[in-house]
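Here is the structure we will look at, set down as structure tokens.
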Protein chains: 2
Amino acid sequence: MKENIFNVIERLANLTRQEARVAGSAEGLQPVQQEALHFLSICNKYSDTPIAVTEYLGLTKGTVSQSLKVLESKGLIEKVKDEVDKRITHLKVTSTGLAFIASTSPPEKFTQAISEMPEQDQQTMLTLLKSTLRHYQLASGRKGFGVCKQCKFNQSVKDNFVCGLTEEPLSIKDVELICREYA
Amino acid sequence: MKENIFNVIERLANLTRQEARVAGSAEGLQPVQQEALHFLSICNKYSDTPIAVTEYLGLTKGTVSQSLKVLESKGLIEKVKDEVDKRITHLKVTSTGLAFIASTSPPEKFTQAISEMPEQDQQTMLTLLKSTLRHYQLASGRKGFGVCKQCKFNQSVKDNFVCGLTEEPLSIKDVELICREYA
DNA sequence: AAACATAGTTTCGACTCGATACATTATTTA
DNA sequence: TAAATAATGTATCGAGTCGAAACTATGTTT
């Protein structure tokens, strides 16, 4: 059973990677660069840094630094120095970058395949996949990437949200974005 | 919804790839080489060729040829010329190769994560993932890789199986292995 | 103030990948 | 039957990925 689940996930990943290769070839974007851009388009302000991308993709920072340089040179992201901690660089996805991601992620045929399944099945599968990922991240001893709403550092005060880790107020938008400090 | 399903699958794939990178580093095996070896360990005699590996991984034959050369040089597979069609090379996984795959696939922590889920959930997820893959392969206009039991070319005669495409008798083992001509 | 930790870049060598050209062997067509 | 075409597989090239290591700069601890 686990063998089969593993096989199918591997195969799905191979297919999406192929689609990404084709979709990105026009812009000269490699699959891994698209994954980085995709992450940056869905993460919040605590996670829009090279190190967060590194942890998300599970690569080394040197490798990721190269990929980000490419994304920047193509005008898909911009680097902005953090005003408080000057070691940190924030990566902002440009409108060009957002447009690219919107047109390629999820890949067209993947989207089509999912759409052909009953709504209820989609929901069930998502729930089970999320559960698998959570268990997998725990088993890997890896910090999870999650959204602030469920983060133990997210403390809501009346109608506003405050990050309990940094005590910074969070916008509604931040609360719904993926966060590196998720716990 | 589709976005989320896509995100989770991508993340699961990243994690398994990382585990594979670590597991293979001792033997000097790259993730893609492990995937090729894994496929060869579960395919039948119609699919144990370089071109079948190429189609399965979605790469070009030149690229795959290189990976197979590495697997051969490490004694994990052996190349055997086809007696009938002399263009074809069959790839046999050696006992060393089988031992490696058995110890690394699925990755340990992935297995652990799956095992922690209720049996019923595992079954449900497998069914839904398979359905997704089937739809995805169709949408991609790609020939599916499946097992002979459901293949339209598989015609059973009494207790024996015969491949309706080649009219060759199939062993019980062949019938249960993944096949390139699956349709 | 010194030691250490963190964020990020650069450089290097090994490897992946697609594209192309090529050799062999089958199959189709004329 | 001969020629054209198709299929399987290999070799080579250049662009790109990857981890490791060395490095800079900035923060944090001691």
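Throughout, protein chains are lettered first and strands after them, A, B, ... in sequence-line order, and every chain is numbered starting at 1.
Across all strands shown, A:Val84 has heavy atoms under 4.0 Å from sugar-phosphate atoms exclusively, and none from any base. In this structure, B:Thr89 reaches the sugar-phosphate backbone alone: every heavy-atom distance under 4.0 Å involves primed, P, OP1 or OP2 atoms, never a base. Contact annotation for A:Lys86: backbone-only contact, meaning every heavy-atom pair under 4.0 Å involves sugar-phosphate atoms and none involves a base.
Nucleotide C:dT9 holds its P atom 12 Å from the CD1 atom of A:Ile88, rounded to whole Å. If you measure from atom CG of A:Leu59 to atom P of C:dA14, you get 20 Å, rounded to the nearest angstrom. Per the geometry, CD belonging to A:Gln30 stands 19 Å off P belonging to C:dC15, to the nearest Å. The distance from atom CD of A:Gln33 to atom C1' of D:dA15 is 11 Å, rounded to the nearest whole Å. Between the CD atom of A:Glu83 and the P atom of D:dT26 there is a distance of 13 Å, given to the nearest Å. Distance, A:Gln66 CD to C:dG13 P: 15 Å, rounded to whole Å. Between the CD atom of B:Glu27 and the C1' atom of C:dC15 there is a distance of 17 Å, given to the nearest Å. As a whole-Å value, the separation of A:Gln18 CD from C:dC17 P is 11 Å.
Not less than 6.0 angstrom separates the ring centroid of B:His38 from the ring centroid of B:Tyr56.
The closest side-chain heavy-atom distance from A:Lys79 to A:Lys92 is not below 4.5 Å.
Below the 3.5 angstrom threshold, one finds no donor paired with an acceptor across the side chain of B:Arg87 and the base of C:dT24. Contact annotation: side chain of B:Ser65 to base of D:dG9, donor-acceptor pair absent below 3.5 Å.
More than 12 heavy atoms of other residues, nucleotides or ligands shown are found within 6.0 angstrom of CD on A:Glu116. Heavy-atom neighbours of A:Gln112 CD from other residues, nucleotides or ligands within 6.0 Å: above the threshold of 12.
Taking the nucleotide of DNA chain C with the nearest heavy atom to each of A:Arg21 and A:Lys79, the more 5' of the two is matched to A:Lys79. Summary of the strand contacts: A:Asp85 and A:Thr63 both lie near DNA chain D, and taking for each the nucleotide with the nearest heavy atom, the more 5' one is attributed to A:Thr63. Two residues, A:Val64 and A:Arg17, neighbour DNA chain C, and the one matched to the more 5' nucleotide by heavy-atom proximity is A:Val64.
Checked by atom type, the side-chain pair A:Thr60/A:Thr63 shows a donor-acceptor distance below 3.5 Å.
Side chain of B:Lys61, nearest nucleotide from D:dT8, D:dC18, C:dG8: D:dT8. Set against C:dC17, C:dC15, C:dG8, the side chain of A:Pro50 has C:dG8 as its closest nucleotide.
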